[in-house]
Amino acid sequence: MEFVISFLNTILPVLYFVTTYLYGMYFFRDDPFAEKYMSPMLKVTVSIHLIEIVLRGIYFSHYPLASIAEAFSVIALAAVSIYIYLEFRLKVKTTGYFILVFVFFMQLFSSAFISFTHDIPDILHNPLFSFHSSAAVLGYSGFAISFLYSLMYLLLFHDIKTRRFGVIYSRLPSLEVLSGLNYNSALIGFSCLSLAIVIGTFWSHKIFGSLVNLDPKILVAYATWIIYGLELFGGKIFQWSNKRLAYLSVSGFVFILFSMVAVNLFLTSFHEFK
C-alpha cells in the first residue's frame with residue numbers, strides 16, 4: 001500500500017503540470033485539442049489526488065495534516081476543487097491556467113518534501129480535528145482563489161485603462177465576471193472559515209473550559225474573518241466598487257501570508273503538532 005501511495009504522490013506533480021500546460025495552451029493559443037481534453041484531464045488528476053489523500057489517511061490512520069508538506073497537498077486539492085466548482089457553475093475556463101499554476105507548485109512542494117510515518121500526535125486521530133481542519137483548509141483555499149481572481153481583475157483593469165488590448169484582454173472574461181468569481185470564492189472561504197471558527201470555539205471550550213482563546217493563529221483567523229466579511233458585506237450592502245473589493249481581497253491574502261509566517265517564526269501556538 002505504501003508503494004502505491006508513494007507512486008501516486010510522485011506522479012501528481014506530473015499530472016498537474018500536464019493539466020496546467022493544456023489550460024495554458026487554451027488560454028494563450030485557443031488550441032482546440034487543449035480545449036477538448038483539459039477539463040477531463042483535470043477531473044482525472046483531481047480524482048487521483050483525492051484517492052492518494054484518502055489512501056494515505058487510511059493507511060497511516062490519521063488526517064493528512066501531520067506536516068507542512070501534507071498540508072500543502074490538502075490545500076492544493078481544496079483550491080482546485082473550488083475552482084472546478086466555479087468552472088462548472090459559471091462556465092468560465094480561461095482563468096484555469098492561473099489557478100492551476102498555483103496548485104501545481106503547491107503539489108510540487110508537497111511531493112518533494114513529504115515524508116510518510118505512523119508516528120504522529122494523538123490530536124490527528126480526533127474526528128473533530130478532521131472537521132475543524134477541513135473547514136479551515138477550504139476557507140483559506142477559497143481566499144487564495146479569491147486572491148488570484150482579484151489579481152486577474154486588476155491586471156485586466158490596468159490593460160483596459162492603458163489601452164493594451166493583448167492576450168489578457170482577449171482571453172480573460174469581463175471585469176464583471178472576474179469580480180463575480182472573486183466574490184464567490186471569498187464567500188466560499190468566509191463560509192468555511194466561519195464553520196472552522198465555530199467548531200474550534202466548541203473544541204476550545206471542551207479542552208480549556210473557555211470560549212475565548214488568544215492563541216495567535218486563532219487571532220489571525222478572527223482578523224481574516226473580519227477582512228473578508230468587510231469585502232462581502234461591503235459589496236452587497238455598501239455597494240463598494242469591484243476594484244475596491246479586488247484590492248481588499250489582495251490585501252486580505254497578503255495579511256494571511258505575513259501573519260502566518262510571523263506566527264510560525266516568532267510565536268508559539270497550540271496548533272503546532274510536533
Side-chain angles (χ1 to χ4, degrees), residues 75 78-79 81-92 94-96 98-99 102 132 134-164 168-169 171-202 211-263:
I75 292 172
S81 298
I82 292 172
Y83 167 74
I84 289 176
Y85 166 75
L86 293 173
E87 179 183 295
F88 173 78
R89 180 181 176 186
L90 302 176
K91 310 300 181 185
V92 177
T94 51
T95 63
F98 299 92
I99 307 298
F102 167 80
H132 171 68
S134 295
V137 165
L138 283 170
Y140 287 114
S141 297
F143 298 145
I145 299 298
S146 176
F147 164 75
L148 293 171
Y149 280 129
S150 295
L151 287 183
M152 291 181 229
Y153 178 95
L154 295 173
L155 208 67
L156 181 58
F157 184 90
H158 178 266
D159 278 9
I160 292 174
K161 187 176 181 179
T162 57
R163 299 182 182 275
R164 293 182 181 178
I168 296 294
Y169 175 81
R171 297 298 291 153
L172 280 181
S174 68
L175 290 173
E176 193 67 29
V177 170
L178 287 173
S179 182
L181 289 165
N182 167 32
Y183 188 88
N184 279 283
S185 303
L187 180 60
I188 292 172
F190 182 80
S191 301
C192 292
L193 182 60
S194 298
L195 178 60
I197 289 173
V198 170
I199 296 175
T201 300
F202 170 78
L211 294 176
V212 179
N213 194 297
L214 298 182
D215 178 80
K217 289 188 178 179
I218 292 179
L219 295 179
V220 170
Y222 287 153
T224 302
W225 188 84
I226 292 172
I227 292 171
Y228 283 94
L230 281 175
E231 177 184 352
L232 295 174
F233 287 101
K236 287 296 183 182
I237 298 175
F238 302 114
Q239 301 299 308
W240 287 349
S241 68
N242 292 335
K243 184 181 178 183
R244 176 183 289 187
L245 297 180
Y247 275 121
L248 191 56
S249 179
V250 170
S251 301
F253 193 70
V254 170
F255 166 79
I256 291 172
L257 293 179
F258 277 101
S259 298
M260 288 301 183
V261 169
V263 167

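For reference, positions follow the sequence shown, starting with 1. Side chains are part of it too, since the values below use all heavy atoms of this structure and drop only hydrogens, waters and symmetry mates.
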With a 4.5 Å cut-off on side-chain heavy atoms, are I168 and H158 touching?
no
When rounded to the nearest 0.5 Å, the distance separating CD1 of I145 from OH of Y149 is 6.5 Å
| Hey, does S191 have a side-chain heavy atom less than 4.5 Å from the side chain of L187? | yes
Between the SG atom in C192 and the CD1 atom in I82, the distance rounded to the nearest 0.5 Å is 6.5 Å
Report yes if some heavy atom in the side chain of L151 is under 4.5 Å from a heavy atom in the side chain of F98; otherwise report no.
no
Taken to the nearest 0.5 Å, the spacing of L156 CG from S179 OG works out to 11.5 Å
*Test item: T95 and Y83 side chains (from C-beta on) under 4.5 Å apart, heavy atoms*: yes
- Message: A side-chain contact here means heavy atoms from C-beta on lying under 4.5 Å apart; do I256 and F147 qualify?
- Response: no
inquiry  = Tell me if a side-chain donor or acceptor on S146 pairs with a main-chain N or O of N182 at a distance below 3.5 Å.
reply    = yes
Side chain to side chain, M152 and I99, heavy atoms closer than 4.5 Å | yes
Exercise for the section: Look at atom NZ of K91 and say whether more than 12 heavy atoms of other residues, nucleotides or ligands are closer to it than 6.0 Å. Expected result: yes
Of Y228, W225, Y183, the one forming a ring pair (Phe, Tyr, Trp, His ring centres under 6.0 Å) with F190 is W225
Closest heavy-atom pair, S259 versus V220, reported as atoms and distance to 0.1 Å, is CB-CG2, 3.7 Å
Q) Cationic tip of K236 within the cone over F238's six-membered ring, i.e. under 6.0 Å and within 45° of the normal? A) no
To the nearest 0.5 Å, atom CD1 of I160 lies from atom OG of S174 at 8.5 Å
Closest non-hydrogen atoms of L86 and S185, given as atom of the first, atom of the second and distance, are CD1-OG, 3.2 Å
Exactly one of L138, I227, I188, T224 clears side-chain contact (heavy atoms from CB on, under 4.5 Å) with F143, and that residue is T224
Taking every heavy atom of V137 against every heavy atom of A78, the minimum-distance pair comes out as CG1-CB, 3.8 Å
task = Can you label the angle between the F157 ring and the Y153 ring as parallel, tilted or perpendicular, going by 30° and 60°?
result = parallel
Q: State whether the number of non-hydrogen atoms from other residues, nucleotides or ligands found under 6.0 Å of E176 atom CD is greater than 12.
A: no
Nearest heavy-atom approach of H132 to G200 is ND1-N, 3.6 Å
Rounded to the nearest 0.5 Å, the OG atom of S150 sits from the CG atom of L181 at a distance of 10.0 Å
Are the side chains of V92 and V177 in touch, meaning some heavy atoms are under 4.5 Å apart? yes
Output for pair (L230 CG, R244 CZ), nearest 0.5 Å, gives 11.0 Å
What do you reckon, is CZ of F255 surrounded by more than 12 foreign heavy atoms closer than 6.0 Å?
yes
